[in-house]
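Note that ligands are numbered from 1 as they come in the structure, with each ligand's atoms numbered from 1 the same way.
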Amino acid sequence: MALLVAKFGGTSVGTIERIKNAASKVAEEGRRGHKVVVVVSAMAGATDQLLGYCRSVTPHPNPREIDAIAATGEQVSAGLMALALEQRGLNARSWQGWQMPLLTDNDHTKARILEINTKTMKARLEQGEVAVLAGFQGLGEDGSITTLGRGGSDTSAVALAAALGADRCDIYTDVDGVYTADPRIVENATKLSKISYEEMLELAALGAKVLQTRSVEMAMRYRMPIQVLSTFANEFGSDLLGTLVTDEDETMENNPVTGIAHSLGEARITLADVSDKPGVAAAIFGALAQAGINVGTIVQTGSKNGQTADLSFTVPQSDLERAEQALHDEQAVVGFQHLLTDKSVAKISLVGLGMRTRPGVAALMFKTLAEKGVNIQSIETSEINISVLVAAEYLELALRALHKAFGLDKE
Ligand code: ASP
Ligand code: MG
């Protein structure tokens, strides 16, 4: 008998019918002898609607009130799920973040979990009660309601699984696992039966949308296995049919590349004719850091006549305007001549543990792109990933070609 945390995402609880379907999965796991703790997201679209309400009152809503409002989405779905479970004859109750309590810091709209008090929940579990936790929300240090950032219910689920010492955290969603690439673009993408925490973390951070990045970080820290599986197939977590995110093992290094992520969410900024002298890069990136903007892939092109150089880097598209502003404010100090921006860029990233030991991954990647006439704008690498920036119009062509070249196409 295992203790499982089952998390249902927004589409899995998007309608009353779907909530009933999710409840039937929980009941079935119970019949198989497992104890199940449920974590739910808000019904699909609910959080967007609530945030829309906030913005229609004022363009700059107070983050404390944003959280008070946004957290209600999960309150509704947790209550409905508890009702649906009771309807199936189970003894269930809903829990809100403050009722546990699930304590967080006060960083509204992106709070971090500090501690989860599971004492009462554990005692009730022992008595056969099914707990349904409202995901995404917590109780801040000053007593206000907080939320954990968009997609944060994944993090609630993994954190609760770790705090309860669960055997596994099953994430029920609208896809049946983690794929070698986005199957909507690459028809030959295949489902992975297993992937390491490290690889999943890179894929999530580089654009794969299956799991919130922070939830994977947390799973890795606590060595909590996660299974991603579909709510809409006839699947149960205890059948292990989805993708298991777990510790690495030898078989995981068979292929140099495990999966390919992509992101259209970045923009490129080029500062032309920056004076080539010490302190300039510090001034540029200092200004961006001051503005709280994360910078990726920095490329500096060689000095022209020893006087000036061009510097380009990426920022999240959502931060582009603020980045431009911050740089213009510093123009006198930095001394660049022109600031150019490009939003139509795509980042493509190969991820795999096998890369650590196999040479030639970068070479094959660049050759494949060259053969398709795709120009590489910049390159970034870590121990287990290689990312390139290309013009967005080449995204699909490049993804399919790389998927094939690295032997990931299904037979
Ligand atoms: N409801 C929240 C959101 O839409 C949290 C979640 O679904 O994980 O971001
Ligand atoms: Mg989600």
Between the side chains of E371 and K367, is the shortest nitrogen-to-carboxylate-oxygen separation below 4.0 Å, so that they form an ion pair?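 Salt bridge flag = yes for E371 with K367.
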
With heavy atoms and a 4.0 Å threshold, my read on which part of E74 contacts ligand 1 is side chain

Examine ligand 1 and decide if any of its atoms is less than 4.0 Å from a heavy atom belonging to G10. no

Ligand 1 N/O within reach of G151 N/O, cut-off under 3.5 Å: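 It does: an N or O of G151 is found under 3.5 Å from an N or O of ligand 1.
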
Is there a nitrogen or oxygen of D154 sitting under 3.5 Å from a nitrogen or oxygen of ligand 1?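 For ligand 1, there is no N or O atom that lies under 3.5 Å from one belonging to D154.
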
Run the side-chain contact (heavy atoms from CB on, under 4.5 Å) check on F336 and L311 step by step: do they pass? CA-CA 9 Å; F336 58 88; L311 200 80; over 6 Å; no

Among L103, D107, L114, whose side-chain contact (heavy atoms from CB on, under 4.5 Å) with E141 holds?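 So, applying the side-chain contact (heavy atoms from CB on, under 4.5 Å) to E141 and each of L103, D107, L114, only L114 qualifies.
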
Residue pairs fulfilling salt bridge (charged side-chain N to carboxylate O under 4.0 Å, His left out) with at least one residue in residues 389-405, sequence neighbours excluded: E187-R400, E396-R400

T147 vs T109, test: side chain to side chain donor-acceptor pair (under 3.5 Å). Steps then yes/no. CA-CA 5 Å; T147 66; T109 74; 5.8 Å; no

Show me which atoms of ligand 1 lie under 4.0 Å from any heavy atom of R150. 3 (C), 4 (O), 9 (O)

Pull out every atom of ligand 1 sitting under 4.0 Å from any heavy atom of S41, numbered as shown with elements.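 Numbered from 1, ligand 1 contributes 6 (C), 7 (O), 8 (O).
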
